[in-house]
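Sequence positions, counted from 1, serve as the residue numbers for this chain. Remember, it's 1-based here, ligands and their atoms both numbered in the order they're listed.
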Amino acid sequence: MNEDRPFFSNLKCRECGRLYPKEAIHICEFDFGPLEAAYDYAAIKESVSREAIASRPQTMWRYREFLPIDAAPTVGTQVGFTPLVKADRLAKALGVTELYVKNDTVNYPTLSFKDRVVSVALSRARELGFEIVACASTGNLANSVAALAAAAGLRSYVLIPADLEQNKVLGSLVYGTNVIGIHGAYDQVNRLCSEIAGKYGWGFVNVNLRPYYAEGSKSMGFEIAEQLGWKLPRHTVVPMASGSLLTKIHKAYKEFIHTELIEKAPFSIHGAQASGCSPISEAMKKGSEIVKPVPKPETIVKSLAIGTPADGYYAIRVMKDTGGHAEDVTDEEVIAGIRLLAETAGIFAETAGGVTVASAKKLIDSGKIPRDESIVLCITGHGLKTGEAVQNRCGEPRLINPSLREFEALISPTGENTEKLKS
Ligand SMILES: *Cc1c(COP(=O)(O)O)cnc(C)c1O
Ligand SMILES: [Zn+2]
């Protein structure tokens, strides 16, 4: 990369705009506003083109000029560029004409969109000289930190609420990381992590490295635009935990417009939560910008159960500014959403995916998303990690002995002519 005129120039306060050096800091000293990465867009515009990007390997790093590291990435170099699936059968079920699924259930290596953020955070952690990395997590982030740290040879600690799904816990333990289960909700885990980060100086991907981590989410937005043929969907539906992914998809769309990689066109970004922990959606529906904390989340959607969402206010601003809406759904609707996506698109998503599908359905049925405009659903994690949610809710295998007679009795219990069922 260009050393004299780096694309990634500074950290910058989102509130007052003060510039900061590119260190492991995340809060403005003057107003406690969050810091985010700032870029030299004129330099980026001069040096990137659609053709240049399209000629690069199919990973999130094909957008490297828009990501906050100084040199080439060293962690998670194969992450991203997941399929954008045109989901016609799901579109029909939802009664819309043009629908796509951005399928991060198959993101590399840990089957959730968190591999994007961790790949950036750990590449930057190495540039800053950290040897121990850590995170506060609702499960997926822990899996990704554990895996990518293991591959990079970094020591890691992941702190999680003690009551997570079995496979999310196993999906961290297997990499030999230090898994610390906390008796408490995510907010308490996060507060403890802030104390540890201050005292031990470790690289917490979503605390002191948060400005770097958060930028990784933009790659999902860049990919959507490129995969749609260098244009934006009219509607994007995004699940919200802290609200960060939603704000970063917005930033990605705006950066592509600003650097003229795509043409300016109207777009709306909608947010989705689970009703048992929906502080952002509640505020948005009330027309308020004040996010009221949820002290005790109660939902099967553990990945989105953040009671005090760090980016809630900014997510609301994005939804308002783009003419988007928020919606939230019950656990029963989440399960129905998971099954609908699986049965119509062949994609098995975790509970957050059920939230996105079920919320999209509500937004469509209420007319907030018109049926004849293009829609992308962001499906962010794999269903095998949250098996408990749909265990015993999808039927049981029918058991027989290895006998043709028993098989035919089974597929034709009423004694109808089995000839009809032969293809
Ligand atoms: C982390 C996560 C999100 C969104 O998180 P934000 O904090 O809002 O960026 C969405 N889906 C899944 C599966 C996640 O793990
Ligand atoms: Zn500030």
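With a heavy-atom cut-off of 4.0 Å, Leu304 touches ligand 1 through its side chain alone. Residue-level proximity to ligand 1 for Ser244 is carried by backbone and side chain together, each with a heavy atom below 4.0 angstrom. Contacts with ligand 1 closer than 4.0 Å are made by heavy atoms of both the backbone and the side chain of Leu245.
There is no side-chain donor-acceptor pair under 3.5 Å between Lys168 and Asn143. In this model, a donor atom of one side chain and an acceptor atom of the other lie less than 3.5 Å apart for Ser219 and Arg116.
Shown are Glu98, Glu373, His325, Lys368; of these, the side chain to side chain donor-acceptor pair (under 3.5 Å) with His235 is made only by Glu373. Among Asp328, Asp331, Thr330, the single residue meeting the side chain to side chain donor-acceptor pair (under 3.5 Å) criterion with Thr299 is Asp331.
The shortest N or O to N or O distance between Lys114 and ligand 1 is under 3.5 Å. Geometrically, ligand 1 and Ala241 share a nitrogen or oxygen pair separated by less than 3.5 Å. Here's the thing with Pro239: none of its N/O atoms is less than 3.5 angstrom from an N/O atom of ligand 1.
Annotation: atom 4 (C) of ligand 1 to nearest protein heavy atom, Phe113 CE2, 3.7 Å. Nearest protein neighbour of atom 7 (O) of ligand 1, counting heavy atoms only, is Ser242 OG, 2.6 Å.
Heavy atoms from other residues, nucleotides or ligands lying under 6.0 Å from CD of Glu289 number more than 12. Other residues, nucleotides and ligands contribute over 12 non-hydrogen atoms within 6.0 Å of the NZ atom of Lys362.
The aromatic rings of Trp202 and Tyr200 lie tilted to each other, with the angle between the two planes from 30° to 60°.
Which parts of ligand 1 touch Asn140 is read off a 4.0 Å heavy-atom cut-off, strictly below it: atoms 13 (C), 14 (C), 15 (O). For ligand 1, the atoms lying closer than 4.0 Å to a non-hydrogen atom of Ala352 are 11 (N), 13 (C). Those atoms of ligand 1 that come under 4.0 Å of a heavy atom in Gly243, given as number and element, are 6 (P), 7 (O), 8 (O). Here is the list of ligand 1 atoms found below 4.0 Å of a heavy atom in Glu350: 13 (C).
With Val301, Asn143, Thr380 as candidates, the residue nearest to atom 12 (C) of ligand 1 on a non-hydrogen basis is Thr380.
A cation-pi arrangement is present between Lys22 and Phe8, with the terminal nitrogen or guanidinium carbon under 6.0 Å from the aromatic centre and inside a 45° cone about the axis. Cation-pi geometry between Arg62 and Phe81 is met: under 6.0 angstrom from the ring centre, within 45 degrees of the axis.
Of all protein N/O/S atoms, those lying under 2.8 Å from the Zn ion (ligand 2) come to 5.
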When you look at Asn103 and Thr82, which way does the side chain to side chain donor-acceptor pair (under 3.5 Å) test go after all the steps? CA-CA 6 Å; Asn103 185 9; Thr82 56; over 6 Å; no
Would Phe267 and Tyr253 count as a ring pair (Phe, Tyr, Trp, His ring centres under 6.0 Å) if you check the C-alpha gap in whole Å, the side-chain angles of each, and the deciding distance to 0.1 Å? CA-CA 9 Å; Phe267 64 88; Tyr253 289 175; 5.3 Å; yes
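With rounding to the nearest 0.5 Å, the separation of OH in Tyr213 from NZ in Lys114 is 5.0 Å.
Taking the six-membered ring for Trp and the full ring otherwise, Phe256 and Phe222 have centroids separated by under 6.0 Å.
Using 4.0 Å as the threshold, Ser112 has no heavy atom nearer than that to any atom of ligand 1.
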